[in-house]
**Q** 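Quick one: the structure is below, and I'll ask about it shortly.
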There are 2 protein chains.
Amino acid sequence: MGNLSRFVEPVLLLLLKQKGRSYGYDLAGELPQHALTDAEIERAALYRTLRQLEENGNVASEWETDQGGPARRVYRLTPQGEAHLEEWATVLDHVSKSMAQFVVKARAAGSARSARRKPR
Amino acid sequence: MGNLSRFVEPVLLLLLKQKGRSYGYDLAGELPQHALTDAEIERAALYRTLRQLEENGNVASEWETDQGGPARRVYRLTPQGEAHLEEWATVLDHVSKSMAQFVVKARAAGSARSARRKPR
DNA sequence: TAACCTAGGTGCGAGTTACACCTAGGTGGT
DNA sequence: ACCACCTAGGTGTAACTCGCACCTAGGTTA
């Protein structure tokens, strides 16, 4: 099937909303549970998406060094980010319904060529 | 929001199933009614996707020159193409449900910050 | 000391997309 | 005759994105 969009951005926004604050490596572990498709999300894509979200003002970050181990860049949603998540929800609600409709149509009876055989 | 996948391929497969046979320019006119997102689908993407579907054996084409005007490359679904559409339906059914769940979660009450504080 | 886990990245070739542009048959207006 | 416009099917290419490989660095366990 190939190129299904992974919707990394909205999933990250949602995770940050739910968790309040988190960092890349931690988010990577929780992505599979919340992903919209079962395609794996690359760590590279994850980190770059977080960066881009910060550039656009949807999240803010700070370094956390007092938990031991390598430093963590801890992110949180900004108010703008919450609004952006809400926009995503609107869009995905619409797409979700379109897809459900698509599935119904795709499974509807016969093609135009072999129009309604197969009663019962 | 930017890069929402357009799902050109499954929509073309569905249109061809419904119409029996059709050609690029005609399909282009009907895409907006069946598209999964409201993002416009490029003509270039349309023609290239049809080509790729043919390369993979999901559609077959022949030239039609007896209708006046420029020649049309008329496509129809192959049996393999119908199976492929069914695969898409399965995948999109799943994605649709995941998205609906996402929307519910995204709109659920408050963020973790304002609800209860996390320990650790 | 080595192996392994956590943590956050970068480099880059391959693949994809968006926009502009091209060819060509046919019709209607002046 | 000439032009504008519609139908029809493309191609060229610069910019962008993605996937894979790879790198740095702190800390723990055997």
**Q** Check whether the side chains of B:His34 and B:Gln18 place a donor and an acceptor atom closer than 3.5 Å, and report yes or no.
**A**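 Their side chains do contain a donor-acceptor pair, which is all the 3.5 Å distance test asks for.
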**Q** Looking at D:dA21, I'd like to know if its phosphate oxygens (OP1 or OP2) sit under 4.0 Å from a side-chain N or O belonging to A:Arg43.
**A**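 A:Arg43 to D:dA21 OP1/OP2: no side-chain N or O under 4.0 Å.
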**Q** For DNA chain D, whose closest nucleotide is more 5', that of A:Gly69 or that of B:Gly68?
**A** B:Gly68
**Q** Please check if the number of heavy atoms outside B:Glu40 that lie under 6.0 Å from its CD is greater than 12.
**A** no
**Q** What is the separation between atom CZ on A:Arg51 and atom P on C:dG9, rounded to the nearest whole Å?
**A**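 That distance rounds to 5 Å.
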**Q** Taking the minimum atom-to-atom distance to the side chain of B:Pro70, which one of C:dG25, C:dC19, D:dA25 wins?
**A** C:dG25
**Q** Contact class for B:Ala44 vs. all strands (heavy atom < 4.0 Å): base, sugar-phosphate, or nothing?
**A**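 The answer is base, as B:Ala44 lies within the cut-off (heavy atoms under 4.0 Å) of a base atom.
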**Q** Rounded to whole angstrom units, what separation is found between the CD atom of B:Gln67 and the P atom of D:dG9?
**A** 12 Å
**Q** Is there a donor and acceptor pair, one atom on the side chain of B:Arg72 and one on the base of D:dG9, closer than 3.5 Å?
**A**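 Donor-acceptor pair under 3.5 Å: no.
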**Q** Would you tell me if any nitrogen or oxygen in the side chain of A:Tyr23 comes within less than 4.0 Å of OP1 or OP2 on C:dG8?
**A** no
**Q** If you measure from CG on A:Asn56 to NE2 on A:His84, what distance do you get to the nearest 0.5 Å?
**A** 7.5 Å
**Q** What is the separation between atom OH on B:Tyr75 and atom C1' on D:dG10, rounded to the nearest whole Å?
**A** 10 Å
**Q** Figure out the CG/P separation between B:Asp26 and D:dA8, and round it to whole Å.
**A** 8 Å
**Q** Which whole-number value in Å describes the distance from B:Glu30 CD to D:dT7 P?
**A** 14 Å
**Q** Considering only D:dG9, D:dA8, C:dG9, which nucleotide approaches the side chain of A:Tyr47 most closely?
**A**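 The answer is C:dG9.
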**Q** Has A:Gln52 got more than 12 heavy atoms of other residues, nucleotides or ligands less than 6.0 Å from its CD?
**A** yes
**Q** Using distance alone, with no hydrogens and no angle criterion, decide if A:Ser61 and A:Glu54 have a side-chain donor and acceptor under 3.5 Å apart.
**A** yes
**Q** For C:dG8 and A:Tyr25 - does any side-chain N or O of the residue sit under 4.0 Å from the phosphate oxygens OP1/OP2?
**A** no
**Q** Could you give the CZ-to-P distance, from A:Arg73 to C:dT6, as a whole number of Å?
**A**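 It works out to 21 Å between those atoms.
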**Q** Kindly say whether, by distance alone, the side chain of A:Arg48 makes a donor-acceptor pair under 3.5 Å with the base of C:dG11?
**A** yes
**Q** Nearest whole angstrom, please: distance from the P of D:dA8 to the CG of B:Asp66.
**A**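 Those two atoms, CG and P, are 13 Å apart.
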**Q** Can you measure A:Leu46 atom CG to D:dC20 atom P for me and round it to whole angstrom units?
**A**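 Answer to the nearest Å: 16 Å.
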